[in-house]
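Heads up, the thing below is written out as structure tokens.
The sequence lines fix the lettering, A, B, ..., with proteins before strands; numbering per chain opens at 1.
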There are 2 protein chains.
Amino acid sequence: METENGARWLSDEEQRTWRTHLEVSRLLTYQLERDLQPFDLTYNDYEILVNLSEAEDHQMRMSDLARATLQSKSRLSHQITRMENAGLVRRENCESDRRGLFAVLTDFGWETMKRVAPHHVAAVREHFIDLLSADGLMALQEALEPVAKHLRATRGRG
Amino acid sequence: METENGARWLSDEEQRTWRTHLEVSRLLTYQLERDLQPFDLTYNDYEILVNLSEAEDHQMRMSDLARATLQSKSRLSHQITRMENAGLVRRENCESDRRGLFAVLTDFGWETMKRVAPHHVAAVREHFIDLLSADGLMALQEALEPVAKHLRATRGRG
DNA sequence: CGCCATTTATTCAAAATTCAACTTAATTGG
DNA sequence: CCAATTAAGTTGAATTTTGAATAAATGGCG
């Protein structure tokens with residue numbers, strides 16, 4: 001089955017899988033977002049807390065954090081400003097490179113992370129992980145890892 | 001492995017799969033968005049064109065379209081206004097329910113759809129479908145369908 | 001050394017999204 | 001039949017995101 005300019009359409013099976021993937025992506029995002037609302041965090045907030053929590057000294061350069069969370073520098077800059085206002089992080093100068101800044105987790109940010117993480121993990125289980133069989137989990141990883149690799153490589157160029 | 005309040009952490013394997021899924025979701029969205037840029041369409045625009053194209057008479061009630069594309073009514077309303085300004089769709093009154101409106105694909109919208117779809121499908125192949133084996137495809141569908149079902153059911157309450 | 005391209009990060013304005021309030025029409029329950 | 005409730009959709013203001021422009025510091029390299 002070909003389109004006029006030579007592209008192959010998706011088979012029914014392919015289309016079904018594609019749409020399922022898309023639907024899961026979106027609904028899952030919304031659901032996790034909702035599960036964080038009681039803690040006054042967006043998913044974005046949470047993701048930054050995770051990254052900083054896992055980082056050495058609970059701090060990361062803005063650029064690295066932007067890369068890690070797949071956001072533009074501009075967006076991250078605004079995001080950190082908001083989180084700074086909320087008391088979750090603070091900015092700190094980098095001595096070795098005076099252009100640079102660190103985003104640093106505050107005590108309150110760290111406390112928040114410890115308090116919220118268990119609930120978030122429970123939500124990830126409830127809405128995703130625990131719905132997969134052991135085989136399903138492995139199959140998913142094996143199917144998606146090459147896609148991730150491709151996208152990582154493609155990212156930034158055309 | 002348990003958190004203090006009884007939630008089970010993710011195993012390494014679970015965590016890896018979860019993060020891979022998340023990464024693929026996001027990078028894929030960005031990539032497809034980029035592939036649509038040359039046609040002056042956002043992914044949102046495209047999705048609406050798809051829905052209307054597949055609908056009877058190339059038209060859909062606003063509510064149904066909002067549901068189908070997983071957006072709020074407000075967001076859809078703004079979105080359709082923009083697309084109306086771009087000449088892709090028009091609004092039309094519904095006679096049987098005078099509160100209601102149809103979003104209708106214009107000729108230009110339909111032409112646009114026919115022109116763009118092959119490129120989009122090619123992108124979906126390049127960045128997703130063609131990176132999966134036949135087994136991978138099936139495994140993905142089987143793993144994700146229950147998740148989709150759960151999230152659909154959970155949506156709106158929960 | 002001195003110049004220029006690059007890297008880091010912010011800022012401003014424009015576009016998109018959300019959120020709550022509102023309008024109008026249809027339904028429902030006495 | 002009417003009042004109250006629900007449903008469809010829009011609106012406008014506030015928030016968030018994007019994208020281009022800017023500023024400051026670094027790194028090469030001739």
Side-chain angles (χ1 to χ4, degrees), chain A residues 26 29-34 36-38 40-48 51-52 59-86 88-104 155-157, chain B residues 26-27 29-38 40-48 51-52 59-86 88-104 155-157:
Chain A
R26 301 244 217 124
T29 304
Y30 295 158
Q31 184 59 53
L32 293 176
E33 193 94 34
R34 279 213 321 216
L36 284 170
Q37 270 176 18
D40 280 313
L41 293 176
T42 64
Y43 193 80
N44 237 320
D45 294 332
Y46 184 79
E47 207 172 13
I48 288 182
N51 274 278
L52 292 180
Q59 62 175 39
M60 269 177 123
R61 286 288 294 272
M62 293 295 277
S63 291
D64 296 333
L65 194 48
R67 223 183 331 277
T69 56
L70 305 176
Q71 320 188 48
S72 70
K73 288 168 178 233
S74 172
R75 181 175 172 181
L76 180 68
S77 194
H78 289 297
Q79 172 73 26
I80 292 294
T81 299
R82 284 190 296 267
M83 292 181 74
E84 212 169 12
N85 292 335
L88 295 164
V89 302
R90 65 172 184 278
R91 282 181 234 246
E92 212 161 273
N93 289 46
C94 172
E95 313 202 354
S96 61
D97 182 342
R98 281 184 307 183
R99 294 167 300 183
L101 289 176
F102 288 101
V104 189
R155 179 158 176 69
R157 49 174 186 73
Chain B
R26 300 245 218 126
L27 289 179
T29 304
Y30 295 158
Q31 184 60 50
L32 293 177
E33 193 95 35
R34 280 213 322 216
D35 290 335
L36 284 170
Q37 270 177 16
D40 280 313
L41 292 176
T42 64
Y43 193 79
N44 237 320
D45 295 332
Y46 184 79
E47 208 172 12
I48 287 181
N51 274 278
L52 293 180
Q59 62 175 42
M60 269 176 125
R61 285 289 294 271
M62 294 296 278
S63 290
D64 296 333
L65 194 48
R67 221 182 332 277
T69 56
L70 306 176
Q71 322 186 46
S72 69
K73 288 167 177 229
S74 172
R75 179 174 172 180
L76 180 68
S77 191
H78 289 298
Q79 171 74 26
I80 291 294
T81 301
R82 285 191 296 268
M83 293 180 74
E84 212 169 12
N85 292 335
L88 294 164
V89 302
R90 65 172 184 281
R91 281 182 236 245
E92 212 162 275
N93 289 46
C94 172
E95 314 201 355
S96 62
D97 183 342
R98 279 184 310 180
R99 291 169 303 183
L101 289 175
F102 287 102
V104 189
R155 179 158 177 68
R157 50 174 186 75

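Between the side chains of Q79(A) and R82(A), at least one donor N or O lies within less than 3.5 Å of an accepting N or O.
Position along DNA chain C of the nearest nucleotide to H78(A) versus Q37(A) favours H78(A) as the more 5'-ward residue.
Remark: R61(A), M62(A), S63(A), K73(A), S74(A) in residues 59-76 of chain A come within less than 4.0 Å of DNA chain C through at least one heavy atom.
For the pair A103(A) and L65(A), the tightest heavy-atom approach, listed with the atom from each and the gap, is CB-CD2, 3.9 Å. When every heavy atom of N51(B) is checked against every heavy atom of T69(B), the shortest pair comes out as ND2-CG2, 3.5 Å. A pairwise comparison of heavy atoms in K73(B) and S63(B) identifies NZ-OG, 3.4 Å as the closest pair. Residue F102(B) comes nearest to N93(B) through the heavy atom pair CD1-O, 3.9 Å, listed as atom of the first residue, atom of the second, then distance. Across every non-hydrogen atom of R61(B) and G100(B), the tightest pair is NH2-CA, 3.3 Å. When all heavy atoms of P38(B) and D35(B) are compared, the pair lying nearest together is CD-O, 3.5 Å.
Along DNA chain D, the stretch of nucleotides lying under 4.0 Å from any heavy atom of chain A spans, 5' to 3', dT16(D) to dT26(D). Put simply, chain A comes within 4.0 Å of DNA chain C, heavy atom to any atom, from dT7(C) to dC12(C), going 5' to 3'.
In this structure, D64(A) and R67(A) have side chains that are in contact, with non-hydrogen atoms separated by less than 4.5 Å.
Going from atom OG1 of T29(B) over to atom CZ of R26(A) covers 7.5 Å, rounded to the nearest 0.5 Å. Taken from OH in Y46(B) to CG in L41(B), the straight-line distance is 9.0 Å, to the nearest 0.5 Å.
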